[in-house]
*Asks:* 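Pasting a structure here, questions to come.
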Amino acid sequence: MRVLAIDTSNLVLSVAIVEEARVLGELTTNLNKNHSVTLMESVSYLMGQLGIKPKDLSGIAVAKGPGSYTGVRIGVATAKSMAWSLGIPVVGISSLQALACNAAGFDGGIVPLFDARRGQVYSGLFRSGQNASVEAELAERIILLKEWLPIVSQQVGEKPLLFLGDDTAMHRETIVEIVGSQARFASPADNLPRASHIGMTALPLLADAGSPHELMPEYLQVAEAEAKWLAANKQ
């Protein structure tokens, strides 16, 4: 089974093709380009380099959020369209879970985060599982970072907390102030989500995937424009 994996949920663009026990190829950039322009170019380039045609794909996996509203929509819409046109299954994987996979094997709490503005972050708490996987310890949410840090600190007890994500840098001072020596920070390379993790996570789920039309983004909050509309039209 060969799976195309896509992540455009944040500034990073990552595409990969994986099979059961191998990553056949992966392309990841962090240049803040327009994903709507570069995504299909990247997919075409990677497949061309590997000599793989669309008919060779058995499924598609995509980061379904949280993250940038526009980025998530681009990835999910592209994955659904490709899956529908090729007649193959598609699976959505949490963007936070995919990032947390970079820390599989870490003995402590794994805390991926994306900045959500106004002191808020999208985050979750994960722990290492079997076979280089990660498992959710606390549900993903959008929350003020100052409220989130005591929660994850208490949850793991005396174990360390590893923070991942490019946005960690802007919150590092707050993290150290609240959790102190419990905090660990990932390397620059491990701060970037990898589509190969999305593909590998999706492999056992594709057999039970429903219609491509059933896949929906998971933003964890409504868009600002939608929130304003709801407020203005509240009965």
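Sequential numbering from 1 along the given sequence is applied to the chain's residues.
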*Asks:* Please confirm whether the backbone N or O of Thr28 pairs with a side-chain atom of Ser14, one donor and one acceptor, at under 3.5 Å?
*Replies:*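 The answer is no, because no donor-acceptor pair under 3.5 Å joins these two groups.
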*Asks:* Determine yes or no for a side-chain-to-main-chain donor-acceptor pair under 3.5 angstrom, with Lys159 supplying the side chain and Gly109 the backbone.
*Replies:*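 Here the side-chain-to-backbone pair does not exist.
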*Asks:* Under 3.5 Å, side chain of Asn34 to main-chain N/O of Ser36, donor-acceptor pair present?
*Replies:* yes
*Asks:* Is it true that Ser133 and Asn131 share a donor-acceptor pair across their side chains at a distance under 3.5 Å?
*Replies:*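 No - no donor-acceptor pair under 3.5 Å links their side chains.
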*Asks:* Decide if atom CD of Glu20 counts as having more than 12 heavy atoms of other residues, nucleotides or ligands within a radius under 6.0 Å.
*Replies:*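 Enclosed.
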*Asks:* Could you check whether any side-chain heavy atom of Phe114 comes within less than 4.5 Å of a side-chain heavy atom of Gln120, counting everything from C-beta outward?
*Replies:*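 No, their side chains stay 4.5 Å or more apart.
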*Asks:* Distance-only, no hydrogens or angles: does the Glu26 side chain make a donor-acceptor pair with backbone N or O of Ala195 under 3.5 Å?
*Replies:*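 Pair found, side chain donor or acceptor close to backbone of Ala195.
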*Asks:* With a 4.5 Å heavy-atom cut-off, do Phe126 and Glu135 have their side chains touching?
*Replies:* no
*Asks:* Looking only at heavy atoms, what is the nearest atom pair of Gly105 and Ser128, with distance?
*Replies:* N-OG, 2.7 Å
*Asks:* Rest of the hydrophobic cluster containing Leu113 (Ile/Leu/Val/Met/Phe/Trp/Tyr, side-chain heavy atoms under 4.5 Å)?
*Replies:*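 When side chains under 4.5 Å apart are linked, the cluster holding Leu113 also contains Val111, Val121, Leu125, Leu138, Ile143, Leu145, Trp148, Leu149, Ile151, Val152, Val156, Leu161, Phe163, Ile175, Val176, Ile178, Val179, Phe185.
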*Asks:* Here's a test for you: under side-chain contact (heavy atoms from CB on, under 4.5 Å), which of Thr78, Ile74, Val72 qualifies with Val76?
*Replies:* Val72
*Asks:* Using 0.5 Å steps for rounding, measure from the CG atom of Asp7 to the NE2 atom of His197.
*Replies:* 11.0 Å
*Asks:* Within the structure provided, determine whether Tyr69 and Pro217 are in side-chain contact (heavy-atom separation under 4.5 Å).
*Replies:* no
*Asks:* With side-chain contact (heavy atoms from CB on, under 4.5 Å) as the test, would you mind laying out the steps for Leu86 and Lys55 before giving the verdict?
*Replies:* CA-CA 7 Å; Leu86 294 171; Lys55 65 180 179 60; 6.0 Å; no
*Asks:* Is a side-chain donor or acceptor of Asn102 paired with a backbone partner of Leu192 at a separation under 3.5 angstrom?
*Replies:* yes
*Asks:* Could you go through the side-chain contact (heavy atoms from CB on, under 4.5 Å) check for Leu203 and Met200 one step at a time?
*Replies:* CA-CA 5 Å; Leu203 274 170; Met200 288 297 184; 3.7 Å; yes
*Asks:* Is any side-chain heavy atom of Ser187 less than 4.5 Å from a side-chain heavy atom of Asp190?
*Replies:* yes
*Asks:* To the closest 0.5 Å, what do you measure between CG (Leu39) and OG1 (Thr8)?
*Replies:*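 Nearest 0.5 Å value for the CG-OG1 distance: 6.0 Å.
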*Asks:* Any side-chain heavy atom of Met40 within less than 4.5 Å of one from His35?
*Replies:* no
*Asks:* Hey, are the side chains of Asn10 and Pro193 touching, using non-hydrogen atoms and a 4.5 Å cut-off?
*Replies:*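 No, every pair of side-chain atoms sits at 4.5 Å or beyond.
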*Asks:* Are any non-hydrogen side-chain atoms of Ile110 and Val134 less than 4.5 angstrom apart?
*Replies:*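 With C-beta onward as the side chain, the pair touches.
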*Asks:* With side-chain contact (heavy atoms from CB on, under 4.5 Å) as the criterion, how do Ile17 and Ile52 come out once you've worked through the C-alpha distance, each side chain's angles and the decisive distance to 0.1 Å?
*Replies:* CA-CA 9 Å; Ile17 296 178; Ile52 293 175; 3.9 Å; yes
*Asks:* Measure the shortest side-chain to side-chain distance between Met47 and Pro54 over non-hydrogen atoms and say whether it is less than 4.5 angstrom.
*Replies:*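 In short, these two side chains touch, coming nearer than 4.5 Å.
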*Asks:* Dump the intermediate steps for side-chain contact (heavy atoms from CB on, under 4.5 Å) on Met1 and Leu206, then the final yes or no.
*Replies:* CA-CA 10 Å; Met1 175 176 281; Leu206 285 163; 3.8 Å; yes
*Asks:* Under a plain distance cut-off of 3.5 Å, with no hydrogens placed, do Ser123 and Glu140 share a side-chain donor-acceptor pair?
*Replies:*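 Side chains of Glu140 and Ser123: no pair found under 3.5 Å.
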*Asks:* Say whether, by atom type as modelled, one donor and one acceptor occur between the side chain of Ser44 and the main chain of Glu41 under 3.5 angstrom.
*Replies:*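 No, the answer is negative, given that no donor and acceptor are paired below the 3.5 Å cut-off.
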*Asks:* Quick one: CG on Asp115 to OG on Ser68, what's the gap to the nearest 0.5 Å?
*Replies:* 12.0 Å
*Asks:* Mark yes or no for whether Ser94, through its side chain, and Leu96, through its backbone, hold a donor-acceptor pair below 3.5 Å.
*Replies:* yes
*Asks:* Counting only N and O atoms by type, is there a donor-acceptor contact under 3.5 Å from the side chain of Asp56 to the main-chain atoms of Lys53?
*Replies:*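 Side chain of Asp56 to backbone of Lys53, a donor-acceptor pair under 3.5 Å: yes, one is there.
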